[in-house]
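A quick write-up on the structure given underneath.
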2 protein chains.
Amino acid sequence: MGPQDHCGELLLQLSSTGSVIRAVKRELRPGAPRGGFALLGMLSRCGDLRVGEVAELFEVDMSVASRHVADLEEHGWAERTPNPHDRRSWYVRLTPAGERMAQQRLAQAREVLADALEDWSDADIAALTDLLARLRTSFDARRVRTSDLSRTASGAKGL
Amino acid sequence: MGPQDHCGELLLQLSSTGSVIRAVKRELRPGAPRGGFALLGMLSRCGDLRVGEVAELFEVDMSVASRHVADLEEHGWAERTPNPHDRRSWYVRLTPAGERMAQQRLAQAREVLADALEDWSDADIAALTDLLARLRTSFDARRVRTSDLSRTASGAKGL
DNA sequence: TATTGTTATACTCTATAACTATA
DNA sequence: TATAGTTATAGAGTATAACAATA
């Protein structure tokens, strides 16, 4: 009883979400490389971002973000502009070609999703979207909480 | 307008689910290897499964399932028993040690999740769980639909 | 000394293809 | 000939650590 049990079920469903994401990726038309798809979308939405900001948004190590950005740059989909206030960092933004690619990929993925969810009501789709956003928010909040605690304690990493 | 736009938003949220899963995994106490965590849970819930069934449930290639099962076996968490009706295949099941490990890992992950969702109502947790289950179901149905089409066309692999 | 970012290295997960052994 | 499963190999993705440049 209690929320613990509900969390057990939720955990299992979250695990299986990986299958869904993999299924969508598999179906994206080949030819357009899939690497950095999520990053393309993020840059399209957010505009200029520093590498460190990318790492934070995706909750990955900065080395990972750095490599993904370099990958986009090699393909001509992103470019760096210097940060006038701090010469250590650069701003990353999409090129016009990158923006086109981002839109195209998003449309493809959306098509796959819309096809699978053809019998869903708009309300249910919106509900799932909102709950997932809340989930992400709750985890971000917990991360802040945890790192605060470990800072207070001494150095021992949390939990 | 239309459900297409809703799907675009949902897509972005689904992508970010990866961050949440990664966050949970990162926090699982080290010492217990993380590889095959989901498989441990699946075997604990479903009992005996063939390798091919594992592959189907996780929507991965059979070679992937085979390697994960071998990994569990090497750690002494799973064992194979012959299938009396078909000597090509074996049944995979958890050993008592594997069952203990599954329970322990599930409890740890559940704890992390419950901590992050401390301010969620039971109803919201249940709602998210149900919607994710429906999402998975819808994608499975779509997969069947799609492969039916290709089967009609020529005679491809079933389900 | 701390921070931003890159590179080198290794590990995990996954897919493809070639292979075996049964059916 | 087809199917269940394994293994070899390759390709993404990620984390850790060592490093360079700037603050």
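Just so we're on the same page: letters track the sequence lines, and every chain starts at 1.
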| said: Whether A:Arg50 and A:Asp86 form a salt bridge (side-chain N of Lys/Arg under 4.0 Å from carboxylate O of Asp/Glu) is what I want to check. | reply: no
| said: Strictly below 4.0 Å: does B:Arg80 bring a side-chain N or O up to OP1 or OP2 of D:dT6? | reply: yes
| task | Name the closest nucleotide to the B:Ser89 side chain, picking from C:dA2, C:dG5, D:dG5. | result | D:dG5
| field | d(CZ, B:Phe58; C1', C:dA15) in whole Å | value | 17 Å
| field | B:Trp90 CH2 to C:dA21 P, straight-line distance once rounded to whole Å | value | 13 Å
| query | Are any of B:His68's side-chain N or O atoms less than 4.0 Å away from OP1 or OP2 of C:dT14? | reply | yes
| said: Let's test your reading of the model: under 3.5 Å, does the base of C:dT3 pair with the side chain of A:Arg88 as donor and acceptor? | reply: yes
| Interatomic distance, B:Glu56 CD vs D:dT3 C1' [rounded to whole Å] | 14 Å
| query | Taking 4.0 angstrom as the limit, do A:Arg136 and A:Glu59 come out as a salt bridge? | reply | yes
| D:dG11 C1' sits how many Å from A:Arg22 CZ, rounded? | 15 Å
| query | Starting at the 5' end of DNA chain C and moving along, which residue's nearest nucleotide shows up first, A:Asp86 or B:Val64? | reply | A:Asp86
| Does one side chain, of A:Glu9 or A:Gln13, offer a donor that lies under 3.5 Å from an acceptor on the other? | no
| Non-hydrogen side-chain atoms of B:Arg142 and B:Arg145 separated by less than 4.5 Å | yes
| request: Establish, with yes or no, whether the OP1 or OP2 oxygen of C:dT3 is under 4.0 angstrom from a side-chain nitrogen or oxygen of A:Arg50. | output: no
| task | Report the distance from atom CG of A:Asp61 to atom P of C:dT12, rounded to the nearest whole Å. | result | 17 Å
| task | Return the nearest nucleotide to the side chain of A:Ser66; candidates are C:dT6, C:dA23, D:dT6. | result | C:dT6
| message | I need the minimum non-hydrogen distance between B:Leu11 and A:Ala109, along with the two atoms involved. | response | CD2-CB, 3.3 Å
| message | What is the separation between atom CE on A:Met62 and atom P on C:dG5, rounded to the nearest whole Å? | response | 6 Å
| message | Between the base of D:dT14 and the side chain of A:Ser63, is there a donor and acceptor pair under 3.5 angstrom? | response | no
| query | Expressed in angstrom and rounded to an integer, what is the separation of B:Asp71 atom CG from D:dG5 atom C1'? | reply | 17 Å
| Counting only side-chain N and O atoms of A:Arg67, is one of them less than 4.0 Å from OP1 or OP2 of C:dT7? | no
| task | Would you kindly give the CD-to-C1' distance between A:Glu74 and C:dT6, to the nearest whole Å? | result | 13 Å
